[in-house]
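Since this is a predicted model, take the numbers as computed values, not measurements.
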Amino acid sequence: MTSKKRNNTLETSLKVMHTIRVRFNETDALGIVWHGYYLHYFEDGREAFGRKHGISYLDTKAEGYVSPIIKSSCEHKLPLRYGDIVTVETTYINTPAAKLIFRYKILNEDGQTVCTGETIQVFVDDNNDLSLTLPPFFEAWKAKNNLL
């Protein structure tokens with residue numbers, strides 16, 4: 001299931017490809033997508049991943065946890081414009097720590113990489129306490145996907 005190891009993390013084959021069309025309101029005065037919207041595209045990919053693999057925000061909330069983002073990075077390579085159709089590739093990165101790591105690649109219609117990035121999320125319970133160990137539901141999810 002794993003393909004690349006880096007910093008005690010393993011890139012998995014758990015991926016989702018999600019297609020979106022750039023909306024007019026996402027562009028700036030230069031006619032290109034404003035840089036902040038790329039994080040929205042990452043979220044679109046993350047939500048598609050969660051729905052497909054059974055670990056959505058709503059699934060997490062139903063188990064008594066939320067998963068705020070504590071770190072995000074984004075590297076821009078090519079511009080996007082209104083009307084462009086892009087694919088957001090979202091890959092789950094496995095780690096022994098109690099956190100979610102996702103890597104993103106945004107591809108244009110020609111298959112060129114437009115942007116890459118990563119987000120890291122932690123688990124916080126209903127008492128607003130940070131979980132330092134794997135929450136039971138997340139451990140079960142990892143076991144189901146052969147990630148333990």
I want to check something: taking the side chain as every heavy atom from C-beta on, are [X] and [Y] in contact at a cut-off of under 4.5 Å?
X    : Y    : answer
V33  : Y41  : yes
R46  : Q121 : yes
F138 : E63  : no
W34  : H40  : no
C115 : T113 : no
Y92  : L147 : yes
R51  : V16  : no

For the atom pair [atom1] ([X]) and [atom2] ([Y]), what is the distance rounded to the nearest 0.5 Å?
X    : Y    : atom1 : atom2 : value
Q112 : K77  : CD    : NZ    : 12.5 Å
R81  : D28  : CZ    : CG    : 10.0 Å
E118 : E75  : CD    : CD    : 12.0 Å
K142 : L134 : NZ    : CG    : 5.0 Å
R21  : E109 : CZ    : CD    : 7.5 Å
N145 : T12  : CG    : OG1   : 8.5 Å

Following the transitive rule for hydrophobic clusters with a side-chain heavy-atom cut-off under 4.5 Å over Ile, Leu, Val, Met, Phe, Trp and Tyr, establish whether [X] and [Y] coincide in one cluster.
X    : Y    : answer
L58  : V66  : no
F49  : I93  : no
L132 : V122 : yes
I20  : V114 : yes
I101 : F42  : no

Could you pull out the closest heavy-atom pair between [X] and [Y], with the gap in Å?
X    : Y    : answer
F123 : A98  : CD1-O, 3.7 Å
L148 : A143 : CD1-CB, 3.6 Å
D59  : G50  : OD2-O, 4.2 Å
P79  : I32  : CB-CG2, 4.1 Å

Discussion item. Tell me whether the count of non-hydrogen atoms from other residues, nucleotides or ligands lying under 6.0 Å of CG in D110 goes above 12.
Written reply: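 Yes - once you tally the heavy atoms of other residues, nucleotides and ligands closer than 6.0 Å, there are more than 12.
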
Worksheet item: Just wondering, more than 12 heavy atoms not from K105 lying within 6.0 Å of its NZ?
Response: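 No, not enclosed.
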
Worksheet entry | Sole residue of T90, D44, T119 in side chain to side chain donor-acceptor pair (under 3.5 Å) with Y104 |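 Exactly one option meets the side chain to side chain donor-acceptor pair (under 3.5 Å) with Y104, and it is T119.
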
Worksheet item: Quick one: are the ring centres of F137 and Y65 less than 6.0 Å apart?
Response: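 F137 vs Y65: aromatic centres under 6.0 Å.
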
Discussion item. Please confirm whether the ring centroid of H76 lies under 6.0 Å from the ring centroid of Y38.
Written reply: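 Here the rings of Y38 and H76 have centres that are less than 6.0 Å from each other.
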
Worksheet entry | Short side-chain to backbone donor-acceptor contact, N127 and D129, under 3.5 Å |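 Side chain of N127 to backbone of D129, a donor-acceptor pair under 3.5 Å: no, none is there.
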
Discussion item. So if I apply the side chain to side chain contact (heavy atoms under 4.5 Å, CB included) rule between Y37 and each of L80, N25, T27, which one comes out positive?
Written reply: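 Among L80, N25, T27, the one that satisfies the side chain to side chain contact (heavy atoms under 4.5 Å, CB included) with Y37 is N25.
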
